[in-house]
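Worth saying up front: this structure is predicted, and the values here are computed from it rather than measured.
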Amino acid sequence: LDDNFASIVTAVEEGRLLFDNLKKTISYALTANIPELTPFLLFIIAGIPLPLGPIAIVLICIGSDISPAISLAFEMAESNIMKRPPRNPETDRLASHRLMFHSYAQIGMIESAAGFLTYFVVMGESGFMPYTLLDLSTAWNDPNFNVQDSFGQDWSFENRKELEFTC
């Protein structure tokens, strides 16, 4: 152990950096939950066909969430990290209400809206207007049933699954 004052200052700086980086990583991880959950909610509530299957969503999460989260954990310290007063252990938490609101209600909802906009644009350009997607999931997933789009064109099961991969 070292009783040098410079070592104590370095330890405080490293602790603050670790706290900041953990907070950023938690915020990033929480943000991804809403866009992953809302397609399943609309599938259950409104009967809209899923844009991606559960396995594809898990693979996308593994492939796209791990690298940015690791890079946030190793981010360099901000220039004012030692000029800030010590954090209050009673009010300054890793997962505060403000962080949850920011991650879920703001960023998560914006990402969900962007994803659904893309989904509805691709489906609309393929002939399925958004209002025709309501309660379509049962017929959509039935391999023995041809689904008719908004223009009266029949879609086989194979064609529908191919369209799912383009969403």
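- When side chains are defined from C-beta on, Leu163 counts as touching Met123, because their heavy atoms get closer than 4.5 Å.
- In this structure, Met82 places its CE atom where more than 12 heavy-atom neighbours from other residues, nucleotides or ligands lie under 6.0 Å away.
- Contact check on Glu164 versus Lys161 returns a salt bridge, with a Lys/Arg side-chain nitrogen under 4.0 Å from an Asp/Glu carboxylate oxygen.
- When atom types are taken as modelled, the side chain of Asp142 and the backbone of Thr138 share no donor-acceptor pair closer than 3.5 angstrom.
- In summary, of the residues considered (Leu42, Leu50, Leu52, Leu133), a side-chain contact (heavy atoms from CB on, under 4.5 Å) with Tyr119 occurs for Leu133 alone.
- Put simply, the side chain of Phe116 does not reach to within 4.5 Å of the side chain of Pro35, judged on heavy atoms.
- Contacts of Ser137 classified as side-chain hydrogen bond (donor to acceptor under 3.5 Å, both in side chains), with partners at least two apart in sequence or in another chain: none.
- Taking every heavy atom of both residues into account, Phe120 and Ile48 meet most closely at CZ-CD1, 4.1 Å.
- For the pair Phe19 and Ile81, the minimum side-chain heavy-atom distance is 4.5 Å or more.
- One finds the OG1 atom of Thr31 at 8.5 Å from the OH atom of Tyr104 (value rounded to the nearest 0.5 Å).
- Minimum heavy-atom separation, Asp149 to Trp155: OD2-NE1, 3.0 Å.
- Residues Thr38 and Glu111 form no side-chain contact, since every pair of their non-hydrogen atoms from C-beta on lies 4.5 Å or further apart.
- With contacts defined as side-chain heavy-atom distances shorter than 4.5 Å, the pair Glu75/Leu72 qualifies.
- Considering all non-hydrogen atoms of both residues, Tyr131 and Ser150 come closest at OH-OG, 4.4 Å.
- Between Pro143 and Glu158, every side-chain heavy-atom pair lies at or beyond the 4.5 Å cut-off.
- Side-chain contact between Leu99 and Lys24 is absent, with no heavy-atom pair separated by less than 4.5 Å.
- The CD atom of Glu78 sits 12.5 Å away from atom NZ of Lys83, with the distance rounded to the nearest 0.5 Å.
- The CD1 atom of Ile34 sits 11.5 Å away from the CD1 atom of Ile107 when rounded to the nearest 0.5 Å.
- One hydrophobic cluster holds both Phe43 and Ile57 under the rule that ILVMFWY side chains link at heavy-atom gaps under 4.5 Å.
- Using a 4.5 Å heavy-atom cutoff, the side chains of Asn159 and Gln153 are not in contact.
- Other members of the hydrophobic cluster containing Ile70, listed by chain and number, are Val58, Ile62, Ile66, Phe74; membership follows side-chain contacts under 4.5 Å among ILVMFWY residues, whether direct or relayed.
- To the nearest 0.5 Å, atom CD1 of residue Ile45 and atom CZ of residue Phe40 are 13.5 Å apart.
- Across all their heavy atoms, Ser27 and His102 have their closest contact at OG-CD2, 4.3 Å.
- Taking both residues in full, the closest heavy atoms of Gly127 and Phe151 are given as CA-CE1, 3.5 Å, listed atom of the first, atom of the second, then distance.
- Heavy atoms only, all atoms of each residue included: Phe128 and Trp140 are closest at CZ-CZ3, 3.7 Å.
- A salt bridge is defined here as a Lys NZ or Arg NE, NH1 or NH2 lying under 4.0 Å from an Asp or Glu carboxylate O, and Asp20 with Arg84 meets this definition.
- Separating the CZ atom in Arg160 from the OG atom in Ser126 is a distance of 13.5 Å, to the nearest 0.5 Å.
- One finds the CG atom of Leu22 at 5.5 Å from the CG atom of Leu94 (value rounded to the nearest 0.5 Å).
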